[in-house]
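Quick notes on the structure that follows.
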Amino acid sequence: RSFGCSSTNMPRATLVFLCVLHLNTVSGCELFGRFDMPSLFHHGDIMIGGIFPVSYKEIRSTSTFEREPPGVKCAGFDLRAFRWTQVMIFAIEEINKDPALLPNISLGYRILNSCSFPANTLRAALTLASRPEETEFNSSCPPTISAVIAASGSSQSLAVAGTLGPFQVPIVSYFSTCACLSDRAKYPTFFRTIPSDYFQAKALAALVKHFGWQWIGAIQSDNDYGRNGILSFTEEVKKLGVCIAFVGTIARTYSMDKILDVVEMIRRSTVKVILAFVPEGDFYPLMKEVVKQNITGIQWIASEGWITATKPSTPEIYQAFGGALGFVMQKMAMPKLKPFLTNINPYTDPSAAFVKDFWEIMVGCRPVLPEEHRMDKICTGNETLLNSQHAFFDVTQLRATYNVYKAVYAIAHALHQLIFCKPAGQKPVRPCLNVSEIQPKEVTDHLQRVNFRNEFGDDVFFDENGDPPASYDIINWQLRNGQVQHVTLGHFASAANGDFRLNIQEEKIVWRTGKRVPTSVCSNVCPVGTRKAQIKGKPTCCFDCIPCADGTIANSTGAADCTPCPQEYWSNERKDECIPKTTEFLRYHEPMGIALTVVSLLGASLSLVTMMVFIHYRETPVIKASNSELSCFLLFSLFLCFLCPLTFMGRPTVWTCMLRHTAFGVTFALCISCVLGKTIVVVTAFKATIPGNKVAGKFGPAQQRIIVCSCTMIQILICVLWLKFKPPFPDMVFRYSNKKIVLECNTGSEAAFYAVLGYIGILAIVCLVLAFLARKLPDNFNEAKFITFSMLIFCAVWITFIPAYISSPGKFTVAVEIFAILSSAFGLLSSIFAPKCYIILVKPEKNTKKHVMGKKMNKK
């Protein structure tokens, strides 16, 4: 059956080409031309095509366009690919003998050589789509292919799927892993029995993560397999913070100069781990050059394209690539295959392609058929393969070969389900469709629904993208008894939810760099106390290690950023731990605290001593003249003022904070009220000397007490309101220093604090004004002069206090306030009471009424 020549879905060039290639005529099928391609052919009721890279490469020839181009010539012979062709034949013969699978229906095959080149793969695909060359021209159209098993490389599969896909011909690949082939919109008929590179990229990324490699190189083949594989891998490892140092590109057709460029790239790089996502044929020339230049010490990671390949698995290549790690499909042993392989013989079918080359490699001589005359070493005809120990006949660790086997059986089960309308194994077996009515699209639909368990216990099925479930073995290159062995040391399997399981026997791995796991980083891990700093123009894995700033730490290695310490903590010298900040407050036992305490107690003691002197000499003229009651009140208030600084020292608490400010405000208000009372008494006393003035009589002891109490009560009221609405509270201040916390009392309300100070200031100014006015009153002992001087000291101290208080840091703020309290208190004590004590104790002869009340008549 030929394909029709009308299709709106085909590109015009392909459509014209196929219409020329296949043309339905009245007499049957007329063939205008064919590609001269050797093939393995066997007729059957249903035909299956196969495309395998039996040759390494295509020998290109230049076309002059003056005559018909010569046929394609290929060079090299790939034993592994030839074994794939034999497994396909083996599986088809096995199916034809199976009474339960496609009974009474024979499968045929036509197997072509792709020469490992996309263009020749396309020729093979078009050849499979045409009438077989083995049929006679005058015969009726033979059955066309129902499915194609192709191809080994992703680029070749893209060519086949792109050409045969529009005709709905199903393609099942055994070795094409490019994730791009999972695109059902572009390749609706593509299936494969090998997992997609999407899963292999995840597996490789998981391996890189497991061993902590951060800086790796990559080698890709110059085709869809390599480029898409490295792209998928790069996307995966970027999520893990891994950097790709370089990406080298190679191909088997590259010149030596290009290969040497890649070798030089490897030599100059600092990476110690390199991923090679390359097929065996493309990678082998580079491997030889790496060995030749003695580039060792690199841990190689392999894709499934070369990790188990026979050709590079030699002691020579092992010198540079020993210890390589990679993923491959799970292996399978097929004992029945070995007798089939050892029975291959060029004399059984002299026309069979590829067999003569295989025989020459295996037995070392060329079989000569009757029509041939050769001068090479000629076989005697008695040669046999039964006792051969060649790796070709090792059927215990089959991987890609097993994929070919599964592909043939998947197609057979799809055909069985299509023809008999039920899965294989169910009875009765009666056809529901004539073999001649099979349409490729129907085979594709049934292939999508295939789900069976083969004789090896494997479940064969495809997901919605035509991919099988992902499962890989981890392979390690090891040298045993002088031979390179592919040792399985682990397993990787994907789950339906997108997760994966990676199991690896790390202790059994043979590393190229020794017994220890190799490290590969652009920059060493930053130690604790430092952070990463990106180097401009380089990947994220290349960085400098910068010490953490003060107040920040990095308590783990490789920190991207330093973590700020909590507000109450600060970083230690190593910047790897937050330690509590030192607390600062004015302590009693520190030198400043001791000095202020001594001065405070001294002032309090002097106040008590002065009070005792005044009480003891209360009947003397000096004491009587200075109003002993107010003087005692004043001395008592000064005593309290001297004790007040003690509440400013020590760790601030709620109670001490409320006490220190209110005690200060009330005691000083009491003190200045007493001074104000004394000032008024002085003024009124001398006013009383004026005839007719009765002010002194109206300002007796009761009025003095009222003035003192009323002025003090106003301050008490201010303090009560302050404590009720916004009382002072202990506070931690961080602004003075990063390494310490200043404990101080927050005033709570600045307005209330300055109201207390302001009220004391008002009382002081009133006292100063009254005393200043009375300073020249005629008397030998005019107390107004002393009060004036004391008020000048008091005002001067507290005026300078405000800027000093605001600008002083930390505990010095408290020290300034204490200094102001002590200075003003000492100023009052010394200015008002020192002269009196001097007269009482040192100059008692002046402590007389005459001396106190004496007038300056000469001035009068």
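What you are looking at is a predicted structure, and each value in this text was computed from that prediction instead of being measured.
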If only atom types and distance count, is the side chain of Asn454 paired as donor or acceptor with the main-chain N or O of Gly457 below 3.5 Å? yes
Just checking, any donor-acceptor pair under 3.5 angstrom between side chains of Thr177 and Asp197? yes
Check: Tyr109 ring centroid to Phe41 ring centroid under 6.0 Å: no
Correct closest heavy-atom pair for Gln478 and Lys508 would be NE2-O, 3.1 Å
Which atoms form the tightest heavy-atom contact between Leu112 and Ala124, and what is the distance? CD1-O, 3.4 Å
With ring centroids as reference points, do Phe90 and Trp84 lie under 6.0 angstrom apart? no
Tyr225 ring center within less than 6.0 Å of Phe277 ring center: yes
Are Lys406 and Tyr409 in a cation-pi setup, meaning NZ or CZ lies under 6.0 angstrom from the ring centre and within 45 degrees of the ring axis? no
How are the rings of Phe327 and Tyr472 set to each other: parallel, tilted or perpendicular (split at 30° and 60°)? perpendicular
Return the minimal non-hydrogen interatomic distance between Leu181 and Ser176, and the atom names on each side. CD1-CB, 3.9 Å
pair Phe117-Cys74: side-chain heavy atoms closer than 4.5 Å: no
Would you call Lys238-Glu235 a salt bridge at under 4.0 Å N-O? no
Paired with Asp224, the side chain to side chain donor-acceptor pair (under 3.5 Å) test is passed by just one of Ser157, Ser154, Ser155, namely Ser155
Would you please test Leu386 and Asn343 for side-chain contact (heavy atoms from CB on, under 4.5 Å) and show each step? CA-CA 7 Å; Leu386 294 176; Asn343 284 329; 4.2 Å; yes
Nearest non-hydrogen partners of Val208 and Phe233, listed with the distance: CG2-CZ, 4.0 Å
Side chain to side chain contact (heavy atoms under 4.5 Å, CB included) with Met332: which of Val395, Thr401, Asp458, Asn403? Asp458
Just do the side-chain contact (heavy atoms from CB on, under 4.5 Å) check on Lys331 and Leu398 with the steps written out, would you? CA-CA 5 Å; Lys331 63 183 177 182; Leu398 301 179; over 6 Å; no
Using only atom types and a distance under 3.5 Å, with no angle test, would you say the side chain of Thr189 pairs donor to acceptor with the backbone of Val169? yes
Within the supplied structure, the quantity of interest is the number of heavy atoms (other residues, nucleotides, ligands) at a distance under 6.0 Å from Glu316 CD; does it exceed 12? no
Surrounding CD of Glu507 (heavy atoms of other residues, nucleotides or ligands, distance under 6.0 Å), is the total greater than 12? yes
Short question: side chain of Ser221, backbone of Ala251 - any donor-acceptor pair under 3.5 Å? no
Could you check whether Asp222 pairs with Arg227 (Lys NZ or Arg NE/NH1/NH2 to Asp/Glu carboxylate O, under 4.0 Å)? yes
Main chain of Phe392, side chain of Arg83: is a donor-acceptor contact present, judged purely on distance under 3.5 Å? yes
Establish, from distance only, whether the side-chain atoms of Gln483 and Asn481 form a donor-acceptor pair under 3.5 Å. no
Heavy-atom distance under 4.5 Å between the side chains of Val273 and Ile298, does that happen here? no
Give a yes or no answer on whether the side chain of Ser520 reaches the backbone of Trp215 with a donor-acceptor pair at less than 3.5 Å. yes
Working to the nearest 0.5 Å, report the span between CD1 of Ile95 and CD1 of Ile48. 6.5 Å
Between the main-chain N or O of His491 and the side-chain N or O of Asn503, is there a donor-acceptor pair closer than 3.5 Å? no
Between the side chains of Asp467 and Ser196, does any donor sit under 3.5 Å from an acceptor? no
Can you say whether the rings of Tyr405 and Tyr402 are parallel (under 30°), tilted (30 to 60°) or perpendicular (over 60°)? parallel
For the pair Cys522/Cys541, is the SG to SG distance below 2.5 Å? no
Atom pair NZ/OG of Lys311 and Ser313 - distance to nearest 0.5 Å: 12.0 Å
Salt bridge check, Lys336 against Glu455: does any charged N sit closer than 4.0 Å to a carboxylate O? yes
Proximity of Trp477 and Trp306 rings by center, below 6.0 Å: yes
Look only at the side chain of Asp282 and the backbone of Arg252, and say whether a donor-acceptor pair between them is shorter than 3.5 Å. yes
Full working for side chain to side chain donor-acceptor pair (under 3.5 Å) between Glu93 and His42: CA-CA 10 Å; Glu93 290 185 3; His42 179 75; over 6 Å; no
Can you check whether Asn387 reaches Thr342 side chain to side chain, under 4.5 Å on heavy atoms? no
Does one side chain, of Glu506 or His210, offer a donor that lies under 3.5 Å from an acceptor on the other? yes
May I ask you to check whether Arg184 and Gln448 show a side-chain donor-acceptor distance below 3.5 Å? yes
Closest non-hydrogen atom pair between Pro312 and Ile317, with its separation: O-CB, 3.2 Å
Test ring-ring contact (aromatic ring centres under 6.0 Å, His included), reference Phe52, set Phe354, Tyr174, Phe82, output is Tyr174
Counting only N and O atoms by type, is there a donor-acceptor contact under 3.5 Å from the side chain of Asn476 to the main-chain atoms of Ala324? yes
Charged N to carboxylate O below 4.0 Å: is that the case for Asp394 and Lys338? no
Does Lys272 have more than 12 heavy atoms from other residues, nucleotides or ligands lying within 6.0 Å of its NZ? no
Shortest non-hydrogen contact from Ala353 toward Leu40: O-CD2, 3.2 Å
In this structure, CD1 of Ile111 is separated from CD1 of Ile89 (nearest 0.5 Å) by 4.0 Å
When you look at Leu385 and Leu341, which way does the side-chain contact (heavy atoms from CB on, under 4.5 Å) test go after all the steps? CA-CA 8 Å; Leu385 301 175; Leu341 296 178; over 6 Å; no
Are Arg449 and Gln417 linked by a side-chain donor-acceptor pair shorter than 3.5 Å? no
Do Ile92 and Val408 come within less than 4.5 Å of each other through their side chains, counting heavy atoms only? yes
Residue pair Ser55 / Asn113, side-chain donor-acceptor N/O under 3.5 Å: yes
First locate atom CZ of Phe191, then atom CD1 of Ile149, and finally report the distance between them rounded to the nearest 0.5 Å. 13.0 Å
Between Arg110 and Thr127, is the side-chain contact (heavy atoms from CB on, under 4.5 Å) condition met? List the steps. CA-CA 10 Å; Arg110 190 178 188 196; Thr127 301; 3.7 Å; yes
How long is the straight-line distance from CD1 of Ile274 back to CE of Met265, given to the nearest 0.5 Å? 10.0 Å
Strictly distance-based, threshold 3.5 Å: is any side-chain N or O of Thr308 a donor or acceptor partner for the main-chain N or O of Glu304? no
Checking side-chain polar atoms at under 3.5 Å, does Asn120 have a donor or acceptor matched by the opposite partner on Ser114? no
Sidechain-backbone polar pair: Gln299 side chain, Gly323 backbone, donor-acceptor under 3.5 Å: yes
Working to the nearest 0.5 Å, report the span between CG of Asn294 and CD of Gln319. 7.5 Å
